[in-house]
Amino acid sequence: MNKNEKPFEIIVLGPPLSGKGTQTELVAKTFDIPHISTGPILHTIKSDVSNPLSSEVMGYMDKGQLVPTELVNRLVADRIKQADCKFGYAMDGFPRTLEQAQFMDVSADVDYVFSIKISDTTIIERMSGRRVCKNGHTWHMKYSPPKVEGICDDCGEQLFQRDDDKEETVKARLEIYHRETDAIIKFYTDKGMLIEIDGETHIEGVFQQIVKKMVVDLRGKIGWK
Ligand SMILES: [Zn+2]
């Protein structure tokens with residue numbers, strides 16, 4: 001029998017626009033485990049007045065402040081102990097820093113750490129090519145251009161580039177991402193746990209790589225050569 005009681009403790013790392021949220025959700029559905037992400041955890045605690053930490057969390061969030069790392073860590077540690085996580089969970093958006101990765105190391109028994117690799121050039125291209133109209137319809141200059149340049153096919157409104165999608169903004173976000181995440185990647189690489197996934201391909205292609213790695217590993221564990 002496998003000694004690991006929770007075989008599916010899964011962390012998914014990836015830069016903005018790598019589709020890590022989508023992949024984490026697909027993994028969670030496939031292996032019938034919860035998708036855990038810090039945003040929803042904080043919102044759940046905040047709206048659960050019976051929770052003793054509710055008012056503390058609400059205090060930070062309502063003021064637009066970041067919830068302190070120690071508190072986030074504690075909430076994540078509590079969350080992964082809940083009954084629905086008895087076989088594991090698929091997590092994205094955490095750990096965000098090296099300290100949180102070290103915290104996970106002592107608070108959980110992580111089985112898989114997937115790192116969706118995608119070049120900064122691709123991310124910048126994906127993001128800076130996006131155009132939206134005021135009704136929220138989204139187009140991409142290269143991947144899904146509108147029939148008439150600068151005009152939304154769906155509603156005829158003018159298309160524009162959101163500030164968030166501008167190259168400078170994307171570069172700044174990527175810089176922060178690398179500053180925080182490169183240390184986490186190194187941490188899991190040194191432990192021999194990091195599983196790199198080629199994120200340059202489409203959603204199904206990325207997901208197939210993840211599932212294949214897991215199936216190969218699970219076959220090894222049950223002795224299926
Ligand atoms: Zn439109």
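Every number for a ligand or one of its atoms is a count from 1 in the order of the listing.
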Linked hydrophobic residues, Val206 as query - side chain contacts closer than 4.5 Å: Phe8, Ile10, Val12, Leu26, Val27, Phe31, Ile33, Phe87, Tyr112, Phe114, Ile116, Ile195, Ile197, Ile203, Phe207, Ile210, Val211, Met214, Val215, Leu218
Using distance only, find each side-chain donor-acceptor pair of residues 59-68 under 3.5 Å and give its atom names and separation, not counting sequence neighbours.
unit_1: Asp62; atom_1: OD1; unit_2: Lys46; atom_2: NZ; d: 3.1

Near Lys166 NZ, under 6.0 Å, is it more than 12 heavy atoms from other residues, nucleotides or ligands? yes
Test question: given the 4.5 Å side-chain rule for I, L, V, M, F, W and Y, name all other residues clustered with Val106, or answer none. none
What protein N/O/S atoms are there under 2.8 Å from the Zn ion (ligand 1), waters excluded? Cys133 SG, His137 ND1, Cys152 SG, Cys155 SG
Would you name the heavy atoms of His140 and Arg126 that are closest together and state the gap between them? NE2-O, 2.9 Å
Heavy-atom closest pair, residues Tyr177 and Pro15: OH-N, 3.2 Å
